[in-house]
Each structure stands twice: as structure tokens, then as C-alpha cells.
2 protein chains.
Amino acid sequence: MQIKSSIKDIAKRANVSVSTVSRVLNNSKYVSEDLKRRVLSVVEETGFKPNMVARGLVNKKTSLIGVLIPRISNNFFSKLIEGIEEVLQTYGYNILLSTSYNEIEKELEYLNIFEDRQLDGIIFSVTEFTDQHKNFFGETVVPTVFLGQKVETLKKYPYVTIDNIKAAYEATRYLIKQKHKRIAIMAGPEKDCATGDNRLQGYLEALKEAGLPLYTSWQTRRYHTIDDGYYAASQIMSQSEKPTAIFACSDQQALGAINYLREHGYRVPEDISVMGFDDVDLATVFRPKLTTVKQNPVDMGATAARLLIDQIHGNSLTALENLVPYRLVVRESTKSL
Amino acid sequence: MQIKSSIKDIAKRANVSVSTVSRVLNNSKYVSEDLKRRVLSVVEETGFKPNMVARGLVNKKTSLIGVLIPRISNNFFSKLIEGIEEVLQTYGYNILLSTSYNEIEKELEYLNIFEDRQLDGIIFSVTEFTDQHKNFFGETVVPTVFLGQKVETLKKYPYVTIDNIKAAYEATRYLIKQKHKRIAIMAGPEKDCATGDNRLQGYLEALKEAGLPLYTSWQTRRYHTIDDGYYAASQIMSQSEKPTAIFACSDQQALGAINYLREHGYRVPEDISVMGFDDVDLATVFRPKLTTVKQNPVDMGATAARLLIDQIHGNSLTALENLVPYRLVVRESTKSL
DNA sequence: CTGTTAGCGCCTTCAC
DNA sequence: GTGAAGGCGCTAACAG
């Protein structure tokens, strides 16, 4: 293919009409074997490829799915993408990837871009579901699946997530059962509902239930990066009153925390227990092996993608709420007092 | 916006022609303040958004860049994406993400999709540059930047990479200087040129130069995952003749290898040294801290994106070869004999 | 300055 | 079965 050829050109060369070409290209209507052959051979020769943009314009579909996540360099999210891509691919969709870095404005911005671009669907790992989000999803008509937290919208879009409150509650319960009484938490960033508010809530419930002390200086809210975990640990451990266990709301933060602790002479888990969340790839490679709340991001991504496809195909969805399993995995970074 | 409105509708409601609407929307030509205001207010009211697909059809640009990498869950590649997205975003481009899992057929498949979709550019982290690739890039006219290895094409596309042969050579040299004489290598997958062939070559050159033994049973070729590193280590260590050092061509593999070694009673680095490659986030969090060849993927991604933008803008590019710096970082996973 | 018109490349009635 | 014609939503000459 030298210069962009169009359906018209190949119609001419095959001595047929453009509609015939279109028909054989789409297998949309019966075309005599003769013409079909003629068209196909010209297509072959010229290496002709139909213009997907033009096609999209008339068909009103782009075969593109917008995927919006907070951060791609977090193993949890990249696994999510793996799951998403795997199923979308089999349905002929591609991924338009955007990252918000947990910034609400960026989320809104990308959401609008998704709409402008006429994307066929959206998979969205929300940070905080604000009124502006609600507005957007009230007005838009783009099939959507939310990932990572429960989201209530007028339009009734499904979401797939674990029960974050419960999971955090159970993780904290476990620590309590291990006789820990002074437990700190490193939660997600300030505005992050799922890994921030929800998990913090579960933690608080467990502490209250057990009648344990709640120090706000033992509660941090930071991004899910190793660096932020390191910093959060430094804050917590700079208090005069020190915890015997830290519940990190992501393995990334747990790793950063352990790094800090070790550099400052604490042994994990002998001096202080650290619980993670996610069970990323290296949770079992790291030493001590991370005790953590295992999620299955590949599955979650795949599930979300399937729910999206269903919506696009107009299938009635079975349920809005898709709670997926998680599991507390006890390994070496925590111990009983 | 209830039902999809078009430029036509808002032209009607504002009592102007479609071209006027188009003009104010694009700021393309001077429009009287009066009309402009009228149009803008209607746009405001209706929440009108121009259809990017239609726009793309006439402008022959999609503002979409195809990014093709082997694997997103590898920290090195996700960092690459971070760098790419950061600069593309400022130019109004979005990313169409695809992963090849190092499969040549998938690469070709996605490349074709990129072309079909009329993407404005391609950033491609090649596995192996085959004749089919060469064909594709000979016929296509899509601006491209190669990432991670030197690639020669007719069309003269730029590439950004470190000098893999040299880097591997130096890494191996270092091990040799540390008095290691029996050095194994865990290279990239069979068909991977950069992390496979090139790094293996650098390793071999260093060994030959030093007159050290070359055992093919000390050379593995596997994917850059923790699991594959684990497995590769098991293969190497099952030989009767055992190495005193392993040069892993990715930190992922190094991590997997160390995991294997420890599970099987070897201490790192006391019994066996392990050298990594990449310097991913957790190289310094892991214990022992990884001795590794540091790359800067965020920068590399950003550089690639800039080179692509230059191409798209028709700027003459300064150089095809963009060798970026790397650095051997000695930490704790290797030691002198 | 503004409106009319002709496409961009493709699909889809609608007649033949 | 096949072709001609209209239109998807937008932009860019071309007149006025």
C-alpha cells in the first residue's frame, strides 16, 4: 500500500460498486462468488485496509474502552490491566489507558475525554466518587464498570470490588487476636474511598469493638507507593507512644514501612508486626514474607471487562454488586505477642 | 446532553451556519464577538461536545498513540508508560496500550491494528525485529519510535535504548573483578534481542576476554518474571558444576532466583552472588539490596514520546540513535570471593 | 466576516 | 444480487 487507498479505489479496480466492496468486506449481504472473488483479489493485491475511523463514524462505535486507574506502576493495577486486556482483546476491543494519580480533576478530565472520543465503554477505578462524578455519570450514556469500590449512580452501573470494610476489619481482628493492642494503620490517600476511608473504617470498627485505643497519630493517609509507605512509617514511629503492629493498606506501603523500620533498628516481625494488603507478586519473595490480604486483580479486571461487554451487548446484567473474594494470608511479617 | 446533538443542531439553535460553529469551536478564524457569544452560549446550554471521530476522519489524525510493550506488570515497563503518558498528555495525545507477552505474532497483530486505527504514532518495545517487522515498517508510514533496542529500518525511525551489550559486558566484568570465575547468566526469552541476545553477548565477551569457562548449561533464556527467575535458578543450580555468581538480566528474574536460592539453603551473597538489571522500585527495599544495572525507564519513556512528537510535528530529528545512560549500582546481593 | 458546498471513507436503505 | 445515492459529524475551500 503506497498511498492511502479507499474503498472507492478498490471498487474501481475490481469493476464493482463501492457497496459491493463494503458488503464483501463486512460479509453483510450475499454477494455472488464471482464478484466476491474479484474484490478479494484486489484487496489482496493492494493490501487494502478499511479505515476504522470512517467506519466508526457511521457505526457509532470505536471498539475502544477507556481504562482509568490511579497508577500503573503499582503491581495491583497493572495486574488489573492484564485481566482487562485479556478479555477485551477476544472481543476486538482495545484499551485507551489513562492514569489519574488519585487526582480528582484528572479523573474528570479523562472521563470527559473518554466521552469526547466516543469510547464504547469505561472501566474506572475511582478515587473518590464526588458530586461531579455523579453528574458525569448521570448525564453520560457510556457503558461503565467501576472497579475497586462500591459506587451508586442513577444509571445503575455495576461495580466489582472486595468488601473493603470487612476485609480491613478482619485484618485488624487478626492482629488483635495475635494480642496486639497498639495497632497503627497506613491507609490510602486522603480522598481515596476504598483503600482510604473504607479500610480505615474497618480498622476502627475492630479496634472499638475490642476496646482498644484509637490514636489519630497512628493513622496515616498516603499514596500507595514504597516511598510513601516509608514516610508514613517514619511519622508513626516518631510518636512517643509506639505501636506493636502496623496495618498497611497496600503491600507497597508495607514494603516501604518495613524498609524504614529495619533501617531504624526495628526487627519485623519480632519488634513490630506489619500487615499488608493486595498480595502483589513479590509479597512471597520479600523477606519476611508478607502477611497480607490477598486480592486477585487479574480476575477482578477480567470480571469487570466481562460486565462491560455484557452492557455493550445490551445483555441485562445480573447484579450491580459484584463482590469478589479476598483472603487473609498469614506469612512471616506478623507475629503474636 | 440528552440525545447526541451535532454541530448542525447547535448551528440551528444559534442561528448561524455550521461553519461558524466549527470556527468558534476551533478558534480557526476570526468570528465576530456577537456570533461567537451566541454560539458559545448554546454550546454551554446543551453541553455540546464535538465528535472526535468525525473530526478525526477529516483531519486525518486520531490523537492516539499506540504503545506496544511485552508486559505491563513488569515494573520497568509500567514506569516506561508513566514517562510516555506524562509527555503525550501535554500534547493532547492518548495512549492505546497493548501487550505482546513477547509473542511475535501478537506484535504483528497489534501493529496492524495500530495502522487500521489510523493511530498518529507508535512507541514500540520490540522483542525480536524479524523480517515481518521490517516489512511492516517498510510499508507503513506511521511515525514510530523504538524502545529498548537498536532497530534499523528503511524508513529511519529513531530508537532509544541503553547499550545493552556494553552494559552486560560491564556487569559481567564487575563480577569477574570480584574474583568470580564461574558465572551463570539468566537472559531474556529466546527471541528477545535486547535483554536476550544482546546481554548474553556482552556477558560472553567478558567471559571470553577473561578466559573463563562458558557453559551453555549456565545460560538460561526466560521471561522477565519472578516465577521464571525462580525456575531458571533451579535449572542452573541443578547442574553438578555450580556457579558462584548469577547475572540476571532483569531484577524480576534476580528476585525469583534469590528466592529459589534461599529456599534451597544458599545464602546470597555469601554462597552465591546475584546481579540484577533495571533497578526497579523494590531493588533497594529487598534484602539483600540488589546490585543491579540501573536504567531510568521514566526518562526513557519520556524521551521516546518526545521523539515521536517531533516526528509527528515534522521536525527533523537530530539523531536516530538515542543511547541513554545506565549505571552499575553495587549494593548487597553480590560480593567478592 | 459569514454562509454554502463539497468532501473525509464507509455503510445502508432504496430501487433496479 | 448489485449499484446509486444519502448521510454519519465535522472541516475547509469557495464565494459573497
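Chain letters run A, B, ... following the sequence lines, proteins first, then strands; residues in each count from 1. Worth knowing before you read on, the calculation uses all heavy atoms, side chains too, and leaves out hydrogens, waters and symmetry mates.
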The residue, A:Asn26 or B:Arg23, whose nearest nucleotide of DNA chain C is more 5′ is B:Arg23

Hey, which of these two, B:Val58 or B:Arg38, hits DNA chain C nearer its 5' end, going by closest nucleotide?
-> B:Arg38

Say you draw a straight line from CG of B:Asn94 to CG of B:Leu119; how long is it, rounded to the nearest 0.5 Å?
-> 11.0 Å

Hey, what do you get for CD (B:Gln311) to OH (B:Tyr157), rounding to the nearest 0.5 Å?
-> 7.0 Å

Would a line drawn from the ring center of A:Phe137 to the ring center of A:Phe146 be shorter than 6.0 Å?
-> yes

Determine whether any donor atom in the side chain of A:Ser32 lies under 3.5 Å from an acceptor atom in the base of D:dG1, or the reverse, and answer yes or no.
-> no

Is a donor-acceptor pair below 3.5 Å formed from side chain B:Ser19 to base C:dT4, judging by atom type as modelled?
-> yes

Measuring from the side chain of [X] (C-beta onward, heavy atoms only), which nucleotide among [options] has the closest atom?
X	options	result
B:Asn51	D:dG9, C:dT4, C:dC10	D:dG9
A:Leu35	C:dG3, D:dT2, D:dG9	D:dT2
B:Pro50	D:dC10, C:dG9, D:dA5	D:dC10
A:Asn59	C:dT12, D:dC10, C:dG9	C:dT12

Rounding to an integer number of Å, can you tell me how far [X] [atom1] sits from [N] [atom2]?
X	N	atom1	atom2	result
B:Arg117	C:dG9	CZ	P	18 Å
A:Gln118	D:dG9	CD	P	9 Å
B:Arg55	D:dC10	CZ	C1'	8 Å
A:Lys29	C:dA15	NZ	P	13 Å
B:Asn15	C:dT2	CG	P	13 Å
A:Ile7	C:dC10	CD1	C1'	6 Å
B:Lys8	D:dG7	NZ	P	7 Å
B:Asn27	D:dT11	CG	P	12 Å

For the residue pair A:Thr127 and A:Ser100, what are the closest heavy atoms and their distance?
-> OG1-OG, 4.2 Å

Examine [N]: is either OP1 or OP2 under 4.0 Å from a nitrogen or oxygen in the side chain of [X]? Give yes or no.
X	N	answer
B:Thr20	C:dG3	yes
A:Ser17	D:dG3	yes
A:Lys60	D:dG9	yes
A:Ser22	C:dC10	no

Which part of the nucleic acid, if any, lies within reach of B:Leu25 when heavy atoms closer than 4.0 Å are counted: base, sugar-phosphate only, or nothing?
-> nothing

Within the structure shown, what part of the strands sits under 4.0 Å from B:Val31 by heavy-atom distance: base, sugar-phosphate, or nothing?
-> sugar-phosphate

Ignoring hydrogens and angles, state whether a donor on the side chain of A:Thr20 or A:Ser17 is under 3.5 Å from an acceptor on the partner side chain.
-> yes

In terms of side-chain geometry, is the basic nitrogen of A:Arg306 or A:Asp310 positioned less than 4.0 Å from the acidic oxygen of its partner?
-> no

